[in-house]
Asks: 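The following block contains the structure, expressed as structure tokens.
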Amino acid sequence: NAGVTQTPKFQVLKTGQSMTLQCAQDMNHEYMSWYRQDPGMGLRLIHYSVGAGITDQGEVPNGYNVSRSTTEDFPLRLLSAAPSQTSVYFCASGGIMNTEAFFGQGTRLTVV
Amino acid sequence: GNSVTQMEGPVTLSEEAFLTINCTYTATGYPSLFWYVQYPGEGLQLLLKATKADDKGSNKGFEATYRKETTSFHLEKGSVQVSDSAVYFCALSEGGYQKVTFGIGTKLQVIP
């Protein structure tokens with residue numbers, strides 16, 4: 001079972017560059033979310049989606065865009081990377097009938 | 001808004017010692033409560049959960065009881081093993097698993 005798949009696992013960007021973090025799930029889950037993990041801060045919600053075509057902002061949305069054109073995919077876009085976006089990013093999914101959120105392995109992003 | 005408070009650690013224990021990691025929460029309604037575990041280099045995995053007051057979640061020797069009167073969900077294990085070394089996150093969810101509020105995570109180190 002693939003579950004939630006994130007790519008890439010590691011990425012180094014220069015300030016001002018753009019990139020897309022990919023997230024795909026094969027469990028037909030309605031819900032998908034992006035979190036960032038920083039030391040001393042736990043995981044903070046960036047954006048989330050309750051279904052294809054529907055997205056909303058979480059706690060720390062600035063500097064990030066998302067879209068949800070299919071149930072399976074939920075990419076996270078950084079339009080102009082900043083050093084403050086250096087973090088580990090996790091994608092998660094969950095179904096309406098599920099009782100937990102399933103997480104990907106994470107993407108470690110460094111912005112220099 | 002919702003929040004979860006837990007100590008950051010690290011917590012260092014000898015093998016077979018008793019473990020307690022405290023977790024308290026603030027929520028507007030009646031949340032579901034979770035403990036997630038993150039092993040080095042991996043994503044988060046659900047360890048246990050409780051969905052209503054006085055429920056006890058348990059898994060792999062770990063237990064936590066949903067205490068509404070003290071707004072707490074403390075994690076306990078009677079005898080820890082080296083393989084339990086990881087970061088443990090307390091979390092809550094209200095109204096759906098697309099938005100989970102996490103604590104900062106507690107790093108546990110178990111030494112032989």
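Proteins come first, then strands; the chains are lettered A, B, ... in the order of their sequence lines, and each starts at number 1.
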Asks: Would you mind checking which part of Gln38(B) comes under 4.5 Å of any heavy atom in chain A, side chain (CB onward), backbone (N, CA, C, O), both or neither?
Replies: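 Just the side chain, heavy atoms under 4.5 Å.
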Asks: With a 4.5 Å cut-off on heavy-atom pairs, point out which of Gly40(A), Gly106(A), Pro39(A) contacts chain B the most.
Replies: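 Option with the greatest count: Gly40(A).
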Asks: Measuring heavy-atom distances to chain A, does Glu8(B) have an atom under 4.5 Å in its side chain, in its backbone, in both, or in neither?
Replies: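 For Glu8(B), the contact with chain A is made by the side chain alone.
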Asks: With side chains defined as the heavy atoms from C-beta onward, is the minimum distance between Val11(B) and Tyr88(B) less than 4.5 Å?
Replies: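 No. Closest side-chain heavy atoms not under 4.5 Å.
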Asks: Side chain from CB out, backbone as N, CA, C, O: work out which of these in Gln37(A) comes under 4.5 Å of a heavy atom of chain B, or both, or neither.
Replies: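 For Gln37(A), the side chain is the part near chain B, not the backbone.
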Asks: Please assess Leu76(A) against Thr107(A) for the test side chain to side chain contact (heavy atoms under 4.5 Å, CB included), listing each intermediate value before the final yes or no.
Replies: CA-CA 11 Å; Leu76(A) 178 72; Thr107(A) 296; over 6 Å; no
Asks: Kindly assign one of parallel, tilted or perpendicular to the pair Phe73(B) and Trp35(B), based on the angle between their ring planes and the thresholds 30° and 60°.
Replies: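 Ring orientation, 0 to 90° scale: parallel.
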Asks: Compute the ring centroids of Phe102(A) and His29(A), then answer whether they are less than 6.0 Å apart.
Replies: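 Here the rings of His29(A) and Phe102(A) have centres that are less than 6.0 Å from each other.
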